[in-house]
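In what follows, a structure is listed as structure tokens, so that the remarks can point back to it.
Chain letters run A, B, ... following the sequence lines, proteins first and then strands; every chain starts at 1. Only a predicted model underlies this, so the values are computations on that prediction, with no experimental measurement involved.
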Amino acid sequence: MSRYSPAEIEAKWQQAWQEANIFCARRDEARPKYYVLEMFPYPSGRIHMGHVRNYTMGDVVARYKLSTGHNVLHPMGWDAFGMPAENAAMASGGHPKDWTYANIATMRDQMRPLGLSIDWSREFATCDPEYYGQQQALFLDFLEKGLVYRKNAVVNWDPVDMTVLANEQVIDGKGWRSGAEVERRELTQWFFRISDFSEELLEALDGLDDWPAKVRTMQENWIGKSRGLQFAFGLNDGPDGHDRVEVYTTRPDTLMGASFIGISPDHPLARQLERERADVAAFCAEARKGGTTAEAIEKAEKLGFDTGLTCRHPFDTAWELPVYIANFILMDYGTGAIFGCPGHDQRDHDFARKYGLPIIDTFLPMDAEHDIEAAPYVPLKSERVRYTRIVAGEEAQTGEAGVEAAIEFCETNGVGQGVTKFRLRDWGLSRQRYWGCPIPVVHCETCGVVPEKKENLPVQLPYDEGGTPIDFGVPGNPLDRHPTWRDCACPACGAPALRETDTMDTFVDSSWYYARFTAPRAETPTDMAEAEYWMNVDQYIGGIEHAILHLLYSRFFARAMHICGHLPEKAIEPFDALFTQGMVTHEIYQTRDVKGRPVYHLPEEVTEGRLADGTEVEVIPSAKMSKSKKNVVDPSTIIAEYGADTARWFVLSDSPPERDVEWTASGAEAAHRHLARVWRIASEIAQTPGEADPQADEALLREMHKTIDEVTKGVDSFGFNAAIARLYAFTNSLAKSQAGQAAKTTAARTLAQLMSPMTPHLAEDIWSLLGGAGLVATAAWPKPDPAMLIDETVILPIQINGKRRGELSLPADMDKSEVEKAALAHNAVVKALDGAQPKKIIVVPGRIVNVVV
RNA sequence: GCCCGCGUGGUGGAAUGGUAGACACAGGAGACUUAAAAUCUCCAGGCCGAAAGGCCGUGCCGGUUCGAGUCCGGCCGCGGGCACCA
């Protein structure tokens, strides 16, 4: 073999690794463990470049840790339940299970040539009954501990498909598939009691030092802690059982500006009125229409209905406030009722103007005019204001201090109490879907909702309908209409009963898979000895798009699993370090059709900015890869053309890992050229005897040690692009070096080692070519010799008044005063001083000299 | 609206407060070759200059410092997250 041949060497070394079984992780108390995990993929059909980047980064970490003596756990699995499988079945008549497992096989076959250091013996898919059976066991344990419960909740309901839709699946208030107007329907659903952990989940964020600050902030906002006053307005002439309206406000300092009471259409008082009065019922029905998405809400008109009832203001019982039912008030935040303060809130101001309600100020700017009728006065945080009511004329701080003062004032006067609330709501996990983990409970006429017995787990999904394949073309949940699947015996009384047909949200599947990887074949959800050894995940890597839901759910699940004895206490924060990597993007080539609509083109259709027919093509840079935009680069094609090492090298080299990287054909070619060059250089060194040259040898080895130092730091801190830049530079030096064969061999072997986490196959080949012992994958990571990192002479820039005016080559250990002398003797300095004394000389050893004149 | 983050050559980007532009892409010049490919050598922020060298330069304005891409304040622009949240 005389040239770099990735196809040959990649197959060869993958086999060598497999035969040596070096990636199989076994508990070993003698070695420090290191658990590196990338967010596992959804088996959509084929892997994409984003996967390659994600898993390559994880692989760099895993291989590096392996060579620094760690016992590395680096598993892979499949997040395999979900709607795309059902949609594919609807579209093509197949079965979600077949579709999913076929995709897994395809993607595994695509992934293996990447040469990832994965322990494939731990692989599982969340749709394996062995996995979801354990998930059902977890569910039952959670149920026993009160961590999961059933309640009524308002959901997006698609009346044609007869299923609940996630918010993301509602487009312009219509079901994304059926196009039917989505209804807000109340259903009995299962919920995880995640909101009980609000405070804890919030506070524990502080300890996650190795998480991106951005992710912590996003979770903090999501949990949404707020401080406010909860109190009641007395209700005049309310229906039976209703003599007050509870309200929560974060702005008790505006209480004197109240001008109406608003309640949710789902508020108990509204419900009561609805039953009694047709006009209320009509309004509530109208108000409930439309989805719960942000988009739908944005567009919905703010509607109010005057009930004719009035409330008494707590500080002035003669002051009467009208009670409105309003469509913008949410039942599941606060108390489902508000007081409107048009003077200090834009939405309330709009509402007041629409319904002719009074607009009252409680405070005004310190020294500016403000027309409260024209616009509400919303002070900035901590702005000083002057009060116009209650304590008229007094100055006060708004913001946190103002709120606390108002709470105190109200409490002292017997009006309500200060409370802390969270935005985080309980996690509704019920889905009216087939392709998910069945919720393991049974509905019995006499016993009610009864948990399935653990020995009856897993409650398996039926594959067919009593011999005939399930028809996914029919709307609704196939489990609901299955002729026999629902029928079972009540686990409590033995009478005939019906199974729950809802399945779990797929986020449940991914909320504990990291724990399952520590003992994937255990007969219980986890094996505590294994979990104790392997947890936590030392480095978790994935996309920022999971910053909230997946990561928050996982944090909740780890806590819940600990409570149930399935994880040790140390694992309640399961991910010690988190890294969120950027996407792989690619240019889009776009033209327009006669109607001005965009038409997309494959890269091969475009030559020098034009199509074959001469049409000019617009190039849109850095776009997310998507099939419809025709800008997808298939990893398998790249691997076939250049080899896996080139793909790996490229996705790491061009951008910092947390940022997006643009895939370019020229960049990929350049990466490949470089790897071929490295191979060629190494092979020449092996074949070309050369005498030692003390000076050149020394210079090369010094640079080698500096490279070791910098690459190690780069790999340690996710500075892969910088590490790679250093490796390029070192390769250039090696190519030019006049050193002897021995020194060059040492340098090239070290280069192979330093490249091995990124380009493992090439590294093995060079390593063996140059007589390295064993596999480079398991060879000890090189250590820089501190003595070799310090140069004997350094080039010191000379600044005059902070501007570079020259440089001096001086011994590195030279005395500060000697350096000063040398600097003062420098031409430029002499010239600048012109005989005068310098005002100041700053010497930063080894870095710079600055002469102030 | 609220909360984050980011602005450096033609491009991706590098730079513990200490020589701005490492490394690479694209580009240019040359060597080798009948030619091409491959490979190798060199040039390359802007302006002035034959050169030596000088001046300017990290979105804009100011500040701190011997010294600012980096720290602080204000502005402009871009991107992301959240939001009828009371």
Open item on the list: Each nucleotide in nucleotides 8-19 of chain B should get exactly one letter: B, S or -. Can you fill that in based on protein heavy atoms under 4.0 Å?
Closed with: ----SSS-B-BB
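- Base pairing annotation: B:A36 forms no Watson-Crick or G-U wobble pair, as no partner gives both donor-acceptor distances under 3.5 Å.
- For A:Lys302 and B:C84, a side-chain-to-base donor-acceptor distance below 3.5 Å is present, hydrogens and geometry of angles not being considered.
- In this structure, the nucleotide among B:C55, B:A83, B:A26 sitting nearest to the side chain of A:Arg673 is B:A26.
- Contact check, A:Lys803 against B:A20: no side-chain N or O comes under 4.0 Å of OP1 or OP2.
- Every residue two or more places apart in sequence or in another chain that forms a ring-ring contact (aromatic ring centres under 6.0 Å, His included) with A:Tyr355 is listed here: A:Tyr324, A:Phe351.
- When both distances must be under 3.5 Å, the Watson-Crick or G-U wobble mate of B:A68 does not exist.
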Open item on the list: Output one letter per nucleotide in nucleotides 41-49 of chain B: B when a protein non-hydrogen atom lies under 4.0 Å from the base, S when only the sugar-phosphate is that close, - when neither is.
Closed with: S--------
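- Pair check for B:G79 finds B:C4; Watson-Crick or G-U wobble, both atom distances under 3.5 Å.
- Rounded to an integer number of Å, the gap from CZ of A:Phe650 to C1' of B:C25 is 9 Å.
- Using a 4.0 Å heavy-atom cutoff across all strands shown, A:Ile841 reaches no nucleic acid atom at all.
- At a threshold of 4.0 angstrom between heavy atoms, the contacts of A:Asp348 with the nucleic acid are absent.
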